[in-house]
Amino acid sequence: MLLERIQKENDIKRFSPKELEDLAKEIRQFLIKKISVTGGHLASNLGVVELTMALHLAFHLPEDKLIWDVGHQSYTHKLLTGRKEGFDDLRKYGGMSGFPKRKESACDAFDTGHSSTSISAGLGYAAARDIKGEQHSVVSIIGDGAMTGGMAYEALNNAAQMKSNFIIVLNDNNMSISENVGGMSKYLNGLRTAQAYTGLKRGVEDALLKIPVQGEKLLSQMKKTKSGIKQLFVPGMFFEDMGITYLGPVDGHDIQKLYKTLQEAKRVDHAVLVHVLTKKGKGYQPAEENPSKFHGIVPFDILTGETKTETKKDSYTEIFSKVICDIGKQNEKVAVITAAMADGTGLQRFAQHFPERFFDVGIAEEHALTFAAGLAAGGLKPVAAIYSSFLQRGFDQIIHDVCIQNLPVMIAVDRAGLVGSDGETHQGIFDLSFLSMIPNMTIMSPKNRWEMADMVRFGVEFGFPIALRYPRGEAYEGMQQFRAPIVYGKSELLYEEKDIAIFFVGHMSELADMVRLELKNLGYSCSLINARFVKPLDTQMIDRLSKNHRLFVTIEENVISGGYGEQVTEYVSRADLPVKVRCVGISDDYVEHGNIELLRKEVGLEKEAIVERIKTEYFGLCGSEGK
């Protein structure tokens with residue numbers, strides 16, 4: 001195997017051109033085989049094999065810096081830096097990350113996981129290089145989908161001021177996760193057809209030069225004006241007009257052409273953009289035909305491309321999808337918004353039925369939320385479905401544009417809590433904290449599938465800002481005997497006893513019930529409360545239960561800092577209630593990648609650990625009184 005000759009970074013430089021072609025095929029076979037077992041991001045990685053190889057040929061790592069936007073397409077990069085053996089444990093707890101990680105390798109220049117960050121980070125690297133008087137290259141690799149993110153434009157504007165070399169590689173595969181939308185996508189589509197531009201440009205130049213006396217003068221004048229030759233034949237010349245030299249488009253699967261173009265880019269004494277055309281999923285037909293499915297794929301059968309997992313029950317996302325579609329049939333004012341995640345958030349069904357009320361704004365969460373605020377101000381009922389980890393990007397817009405104006409925007413916070421294999425950048429463990437601090441915001445979270453459906457309906461009817469928080473995966477089907485009507489700001493008392501009261505948030509319902517049953521088996525008296533609303537806090541329930549309970553325990557899959565438990569603690573302290581509060585959640589830290597059940601055990605969100613903690617706390621309160 002040629003891959004066996006890659007033991008460390010820069011080993012690829014010893015391969016002949018023919019061997020490089022064979023190596024690309026071998027890499028694709030390796031990735032398909034490994035990801036079919038572990039799961040992971042396949043389509044994006046198959047599309048950048050030759051591009052990654054050309055980058056490793058043209059630059060010297062780790063001295064030169066490669067910064068991958070989003071980072072899920074860095075598998076070939078990891079292979080070429082000697083991490084082949086790590087693929088057996090890819091995205092497993094304690095194993096190799098599916099994203100660049102500085103602590104994993106000196107060749108990973110910057111940790112990434114969210115979109116549209118690489119140009120900003122690269123500019124920082126380049127500025128630091130210049131200040132220190134160093135000479136290495138800095139390369140930011142960004143996808144065309146990520147170019148819909150506003151941060152990328154802020155960085156491009158800054159990049160135009162560079163007085164030294166800085167290389168941006170635009171990996172253009174006409175896809176993000178869902179198909180790209182918007183003006184930048186149309187612009188790049190125009191550039192893809194501009195290969196004829198070069199020949200046409202030469203023809204115009206030659207024709208002008210043949211004009212006696214005035215030809216050369218005309219050509220010179222034309223080059224100086226903004227309506228020059230490029231403007232005539234390439235739509236907009238967006239990058240050149242900003243002061244960034246544009247090279248391309250280049251075939252992203254031709255290693256030699258890529259290498260030559262990257263060498264040209266290194267000679268530019270300011271910011272330069274290399275436009276590379278690639279095919280997402282290249283080399284594996286199922287991924288080429290359905291790149292969205294193979295963006296982030298669970299283990300699958302290589303021959304058929306079908307996933308190996310058994311048919312599951314409805315997820316929380318699927319329930320949201322069905323209910324919001326039913327509501328859309330009855331209420332013509334309901335409009336939905338996604339930030340390039342129509343499939344992931346379950347809004348594709350709504351798009352098919354009500355395309356005029358479905359808006360995919362691209363990878364632009366900030367814009368999505370302010371756009372939703374505008375829809376609400378205009379008299380509609382917008383529902384913006386955004387993953388928890390990506391909602392962080394819209395924090396300012398939630399405050400400034402939605403909540404200050406108290407507009408009836410519903411935020412469907414998908415993938416809340418621990419999400420597993422994608423690691424720190426994707427865990428949805430901060431939303432309860434940052435949403436809770438915002439005035440006018442209401443936050444609710446369902447205990448099971450039936451409450452999920454009820455809360456979607458409640459949220460759409462609610463006339464003010466509201467967030468519905470729910471996790472990835474199957475919707476819990478327990479506790480179906482409890483389905484009291486949802487009342488604003490009121491929790492749900494499931495079992496009322498005395499001494500110990502367990503308050504849980506949303507999908508911690510199953511865990512909380514198991515803890516209660518275990519405590520009952522041990523002889524303890526225990527009440528169980530479904531918080532339902534994280535904000536506003538149900539202080540009446542807290543007041544009532546403080547009269548015959550000594551210990552409150554809160555359980556949430558969110559960081560403890562600023563979360564539901566701390567709000568309960570603060571109220572109990574402020575009201576001087578005779579009860580002790582103990583918060584169970586995630587400590588002040590980031591949670592790495594791994595299986596969700598394993599991660600819950602690691603952070604203490606498991607039955608045995610919680611029961612032992614409650615027993616210790618309760619014994620400390622009661623002393624020799626026992627149970």
K.L.:
Between CE of Met341 and CD of Gln348, what distance do you get to the nearest 0.5 Å?
P.N.:
12.5 Å
K.L.:
Could you measure the distance from the CD1 atom of Ile6 to the CD1 atom of Ile27? Nearest 0.5 Å is fine.
P.N.:
7.0 Å
K.L.:
Tell me, please, whether Phe30 has Lys25 positioned over its six-membered ring: NZ or CZ under 6.0 Å from the ring centre and within 45 degrees of its axis?
P.N.:
no
K.L.:
Could you tell me whether the side chain of Met147 reaches within less than 4.5 Å of the side chain of Leu156, counting heavy atoms only?
P.N.:
yes
K.L.:
Please tell me whether Asp360 and Thr338 have a donor and an acceptor in their side chains that are separated by less than 3.5 angstrom.
P.N.:
no
K.L.:
Has Gln352 got more than 12 heavy atoms of other residues, nucleotides or ligands less than 6.0 Å from its CD?
P.N.:
yes
K.L.:
Please determine if Lys78 and Glu104 form a salt bridge, counting it only when a charged side-chain N lies under 4.0 Å from a carboxylate O.
P.N.:
yes
K.L.:
CD/Glu50 to CG/Leu23 distance, rounded to the nearest 0.5 angstrom?
P.N.:
10.0 Å
K.L.:
Can you tell me how far apart CG (Asn157) and CD1 (Ile119) are? Round to the nearest 0.5 Å.
P.N.:
11.5 Å
K.L.:
State whether Glu26 and Arg5 are salt-bridged, where the test is any N-O pair (Lys NZ or Arg NE/NH1/NH2 against Asp/Glu carboxylate O) under 4.0 Å.
P.N.:
no
K.L.:
Verify, without hydrogens or angle tests, whether Asp269 (side chain) and Asn165 (backbone) share a donor-acceptor contact under 3.5 angstrom.
P.N.:
no
K.L.:
Side chains of Ile398 and Ile411: does their closest heavy-atom pair fall under 4.5 Å?
P.N.:
yes
K.L.:
Between the side chain of Glu365 and the main-chain N/O of Gln392, is any donor-acceptor distance below 3.5 Å?
P.N.:
no
K.L.:
Can you confirm whether Lys84 is buried at NZ, in the sense that more than 12 heavy atoms of other residues, nucleotides or ligands lie under 6.0 Å from that atom?
P.N.:
yes
K.L.:
With salt bridge (charged side-chain N to carboxylate O under 4.0 Å, His left out) as the test, would you mind laying out the steps for Asp108 and Arg83 before giving the verdict?
P.N.:
CA-CA 12 Å; Asp108 291 357; Arg83 285 175 270 179; 2.8 Å; yes
K.L.:
Any sub-3.5 Å donor-acceptor pair from Tyr125's side-chain atoms to Ala109's backbone N or O?
P.N.:
yes
K.L.:
Examine distances only and state if a side-chain atom of Asp172 and a backbone atom of Asp144 form a donor-acceptor pair shorter than 3.5 Å.
P.N.:
no
K.L.:
Under 6.0 Å between ring centres, would you say that holds for Phe434 and Phe430?
P.N.:
no
K.L.:
So, taking the atom named CD1 in Ile363 and the one named OG1 in Thr148, what distance separates them when rounded to the nearest 0.5 Å?
P.N.:
4.5 Å
K.L.:
Does the plane of the ring in Phe238 sit parallel, tilted or perpendicular to the ring in Tyr153? Use 30° and 60° as the thresholds.
P.N.:
perpendicular
K.L.:
Does the Glu154 side chain pair with the main chain of Ala152, one donor and one acceptor, at a distance under 3.5 Å?
P.N.:
no
K.L.:
Please verify the inter-ring angle class for His367 with Phe371; under 30° counts as parallel, over 60° as perpendicular, anything in between as tilted.
P.N.:
tilted
K.L.:
Would a distance-only check, ignoring hydrogens and angles, find a side-chain to backbone donor-acceptor pair under 3.5 Å from Asp69 to Gly143?
P.N.:
no
K.L.:
Taking all atoms of both residues into account, what is the closest heavy-atom pair of Ser118 and Ile142, and its distance?
P.N.:
OG-CB, 3.6 Å
K.L.:
Which atoms form the tightest heavy-atom contact between Leu375 and Ala335, and what is the distance?
P.N.:
CD1-CB, 4.3 Å
K.L.:
Counting N and O atoms only, with roles assigned by atom type, does the side chain of Asn173 sit under 3.5 Å from a partner on the main chain of Leu277, one being a donor and the other an acceptor?
P.N.:
no
K.L.:
With sequence neighbours left out, which residue pairs that include part of residues 121-140 fulfil the salt bridge (Lys or Arg N to Asp or Glu O under 4.0 Å) condition?
P.N.:
Lys132-Glu134
K.L.:
If the condition is ring pair (Phe, Tyr, Trp, His ring centres under 6.0 Å), which residues does Phe15 pass it with, not counting sequence neighbours?
P.N.:
none
K.L.:
Between Ile141 and Leu66, is any pair of side-chain heavy atoms under 4.5 Å apart?
P.N.:
yes
K.L.:
If I compare all heavy atoms of Gly296 with all of His41, which pair ends up nearest, and what's the gap?
P.N.:
CA-CD2, 4.0 Å
K.L.:
Are Lys280 and Glu288 within salt-bridge range, i.e. N to O under 4.0 Å?
P.N.:
no
K.L.:
Stepwise, does the side-chain hydrogen bond (donor to acceptor under 3.5 Å, both in side chains) test hold for His136 with Glu63?
P.N.:
CA-CA 6 Å; His136 60 264; Glu63 291 79 10; over 6 Å; no
K.L.:
Does atom CD of Glu356 have more than 12 heavy-atom neighbours, drawn from other residues, nucleotides or ligands, at distances under 6.0 Å?
P.N.:
yes
K.L.:
Charged N to carboxylate O below 4.0 Å: is that the case for Arg91 and Glu592?
P.N.:
no
K.L.:
Pair Thr245, His270 - check side-chain hydrogen bond (donor to acceptor under 3.5 Å, both in side chains), show working.
P.N.:
CA-CA 8 Å; Thr245 293; His270 51 273; 2.7 Å; yes
K.L.:
Locate the shortest heavy-atom distance separating Ile429 from Asp589; write the atom from each residue and the value.
P.N.:
CD1-O, 4.2 Å
K.L.:
Identify the two heavy atoms, one from Leu55 and one from Val169, that lie closest to each other, and give their separation to 0.1 Å.
P.N.:
CD2-CG2, 4.3 Å
K.L.:
Output, in order, the C-alpha distance, side-chain angles, deciding distance and verdict of side-chain hydrogen bond (donor to acceptor under 3.5 Å, both in side chains) for His426 and His593.
P.N.:
CA-CA 9 Å; His426 284 64; His593 55 277; over 6 Å; no
K.L.:
Tell me whether Arg393 contacts the main-chain N or O of Ser115 through its side chain, where contact means a donor paired with an acceptor under 3.5 Å.
P.N.:
yes
K.L.:
What's the shortest heavy-atom distance between Ala385 and Leu347, and which atoms?
P.N.:
CB-CD1, 3.8 Å
K.L.:
Indicate yes or no for a side-chain donor-acceptor contact from Lys34 to the backbone of Gly39 under 3.5 Å, with no hydrogens or angles considered.
P.N.:
no
K.L.:
Quick check against the 3.5 Å criterion: does Thr317 have a side-chain atom that pairs as donor or acceptor with the backbone of Thr345?
P.N.:
no
K.L.:
Nearest 0.5 angstrom please: Ile337 CD1 to Leu369 CG, how far?
P.N.:
8.0 Å
K.L.:
Tell me, do Phe300 and Pro286 make a side-chain contact under 4.5 Å, heavy atoms counted?
P.N.:
no
K.L.:
Verify the neighbour count for atom CZ of Arg472: are there more than 12 heavy atoms of other residues, nucleotides or ligands below 6.0 Å?
P.N.:
no
K.L.:
Which of parallel (below 30°), tilted (30 to 60°) and perpendicular (above 60°) describes Tyr284 and Phe294?
P.N.:
perpendicular
